[in-house]
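Just so it is clear, the values below take in all heavy atoms, side chains as well, and ignore hydrogens, waters and symmetry mates.
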Amino acid sequence: MRLKNLSPQDLKPLLLGCRHSALISQIHAVMVSSGLFSSGNSNAQLISSYGRAGDLESAHKVFDKISLRRVDSWNAMLIAYSRNECPVEVVNAYKQMVFEGVKPDSSTFTVALKACTILQDLEKGEVIWEKVVECGYENDIFVGSSILNLYAKCGKMDKAAIVFEKMQKRDTVCWTTMITGIVQSGKGREAVDLYRRMQKEGMVSDGVVMLGLMQACANIADTKLGLSVHGYMIRRALPMDVNMLTSLVDMYAKNGELDLATRVFRKIPCRNTVSWSALISGFAQNGFAVNALQLLIEMQLSGLTPDVASLVSALLACSHIGSLKLGRSIHGYAVRKVIMDQVLSTAFIDMYAKCGLISCARALYEHIGSKDLICWNTIIACYGIHGHGREALTLFQQMKDKIEPDHATFAALLSALSHSGLVEEGRHWFDVMVNEYNIKPSEKHYACLVDLLARAGEVEEAKDIIICMEMKPGLAVWVALLSGCHKHKKFLIGELAANRVLELIPENTGTLVLVANFFAAAKVWDKAAAVRKVMKKAGMKKVPGYSAVEVNGRLHAFLMGDTSHPQYEQIIGLLCNLENEMKAMGYVPKTEFVWQNLEEEAKVKVLCYHSERLAIAFGLLNTAPGTRLLITKNLRVCGDCHEVTKFISVIVKREIIVRDVKRFHHFKDGICSCGDYW
DNA sequence: ATAGGGTTAG
């Protein structure tokens, strides 16, 4: 059929459904020749059609030719810009329209506010809102949900709530916008409360609100609620597309329900990179690094290319297990295949530092052009765990002239100063944080300060700080005080701290062990026995200490006293030889680090089988002379192993890096980077 | 007069 034979009534629907610029211009031509243009809103329709087809130039040509532009022409142009992701043009056109005296309507405001949301321009958005009120559209739910979303995306949930409560009518979108906004501001609990209110008011839920609710379940770590959301979606037969299923995977994974996450994941018919990343990140964040990395490989085998987010998750896994080889190969991959952005670069900095290569981390950091807050915080924290408190402080000084430090910056700084024993600096910068930056210290900051002071023996001052805290002191601060008291044999204050720790019912076995050891050292035998009894009764097992070492790209893990290894005989043989050499050099086993009640001779044996020593010996046996070793340990390194590693580094002439749960110990030529202060 | 404009996973 030829276009020219069509009547004007037939042309219009054709125009509406048309997505091809060339065809639109043909219809356009017919409309011109048949004189259809004098009538009404044809221009608006043409602009809209060109916009939908992505041809902004033609849309603009039509718009420019209109002599008297009414709202619908302006709206069509604004929508065309909006559809083609040109928020700046939307805002400019809006301004021009108002300037020319055309009165905007509901659509105008909706589109203009959305543009402000994309631009994160709260100020302009609020100017537009004034106009909304002036034109009497403040009760329009489309405009209303737009302003709610603007506030939400700009992190102003308090302002959003004010508008929301004033609304006379609310539809599902309004509720959803609020619920999602509240979740994303980190308040999962409040989001769930709002959802309950929504149900009470008889609103029907759809898939989108479920997405928000699932985020909330992940946020507040409520698996039970998550399960009921999942069940609800099944009962209501809400369409389960990839997004929905991926959200379920994410929710279960964040709650540590990796079995459930995997089961849902396996049911997704057409997985995309987001689905994979959700699962990979779940495994990585729950400490299953090897599984995370296996999944990354499986993802590639399935034909998908990892993107930034999936790589960041995998890198986190490498950091966890200290797998430099895998981290490096991901780096090589990223350089070739992915655009390096700030987030990914920061993940690499973290990975190199956590795999022992602080200098590589630094080099990468120097390469980043403009550094954001997270990047600064990361490098400061990296120097901290490596025991370079001075360097962390120098970086902090550079940072504060360029960008505003936040609570995490100070947490990293204080912890760095604490690990290096920079007591005076610690006191000073804590004060600066409170008084100059007006950052209210959190429990974490207090724990750093108490740790810093107590570790240095200033337990009186540390205790006074805890007593003056504005919030109720939690486990972290009391444990910090207790371990300082234990180290410096300050039994009086220590006993106070130990009793507070017990009152708070610690679930961590390591904490209870500390309490028991402290009471034993203070010769409060009955209490020491009582704590051990509690542990036994609760069936608390000591977290098995293990150490891992990477040899030829494979990770080898050793449990304490592990006799199952095929090279066990050789490992023990080597350790015996080393021990004899050490003794000749003046080493005396520090049996006070054995907390079991054993004969002296047996204690020496226990020390000998500490997992880090097995890992070191294995590394020595299976790598070329001179190769640097990186050992990762899941608990703290004991004082005796620390001493032994210093000796070994001299005897075998190797650099040995031991990363324990808190920080790095870099042994070289009989010296440790921590200066024996940890 | 009608359609359209607002919420959507790692």
- Query: Taking CD1 from Ile141(A) and P from dG6(B), how many angstroms apart are they, rounded to a whole number?
  - Reply: 14 Å
- Task: Using a heavy-atom cut-off of under 4.0 Å over every strand shown, decide if Thr177(A) touches base, sugar-phosphate, or nothing.
- Result: sugar-phosphate
- Query: Reckon Ser247(A) touches a base, only the sugar-phosphate, or nothing at all at heavy-atom distances under 4.0 Å?
  - Reply: sugar-phosphate
- Query: dG6(B), dG10(B), dT8(B): which one has an atom nearest the side-chain heavy atoms of Lys153(A)?
  - Reply: dT8(B)
- Query: Asn243(A) side chain N/O closer than 4.0 Å to the phosphate oxygens (OP1, OP2) of dT8(B)?
  - Reply: no
- Message: Regarding Glu165(A) and Arg197(A), does a basic nitrogen lie under 4.0 Å from an acidic carboxylate oxygen?
- Response: yes
- Query: Which residues satisfy the ring pair (Phe, Tyr, Trp, His ring centres under 6.0 Å) test with Tyr195(A), sequence neighbours excluded?
  - Reply: none
- Message: OP1 or OP2 of dA9(B) versus the side-chain N and O atoms of Lys254(A): is any pair under 4.0 Å?
- Response: no
- Query: Within this structure, what is the CD1-to-C1' distance between Ile47(A) and dA3(B), rounded to whole angstrom?
  - Reply: 15 Å
- Quick one: Asn219(A) CG to dA9(B) P, roughly how many Å, whole number? 15 Å
- Message: Rounded to whole Å, how long is the line connecting atom CZ of Phe142(A) with atom P of dA3(B)?
- Response: 13 Å
- Closest listed nucleotide, where the reference is the side chain of Ser281(A) and the choices are dT8(B), dG6(B), dG10(B): dG10(B)
- Rounded to the Å, how far apart are Leu295(A) CG and dG10(B) C1'? 13 Å
- Query: If you take atom types as modelled and just measure distance, does the side chain of Ser146(A) reach the base of dG6(B) with a donor-acceptor pair under 3.5 Å?
  - Reply: no
- Can you say whether the rings of Trp376(A) and Tyr365(A) are parallel (under 30°), tilted (30 to 60°) or perpendicular (over 60°)? perpendicular
- Message: Under 4.0 Å, counting only non-hydrogen atoms across every strand here, what does Asp307(A) touch: a base, just sugar-phosphate, or nothing?
- Response: base
- Message: I'd like to know if Asp250(A) and Lys254(A) make a salt bridge, using a cut-off of under 4.0 Å between side-chain N and carboxylate O.
- Response: yes
- Item | Which nucleotide in dG10(B), dT8(B), dG6(B) has an atom nearest any side-chain atom of Val208(A) | dT8(B)
- Message: Just the rounded figure in Å: distance from P of dT8(B) to CG of Leu245(A).
- Response: 19 Å
- Message: Without decimals, in angstroms, what is the distance between Met244(A) CE and dA9(B) P?
- Response: 11 Å
- Electrostatic pair Lys169(A):Glu201(A) at N-O distance under 4.0 angstrom: no
- Task: With heavy atoms under 4.0 Å as the rule, sort Arg83(A) into base, sugar-phosphate or nothing.
- Result: sugar-phosphate
- Query: So, does the side chain of Thr110(A) form a donor-acceptor pair with the base of dG6(B) at under 3.5 Å?
  - Reply: no
- Query: Contact class for Ser275(A) (heavy atom, under 4.0 Å): base, sugar-phosphate, or nothing?
  - Reply: nothing
- Between dT8(B) (C1') and Ile179(A) (CD1): distance, integer Å: 13 Å
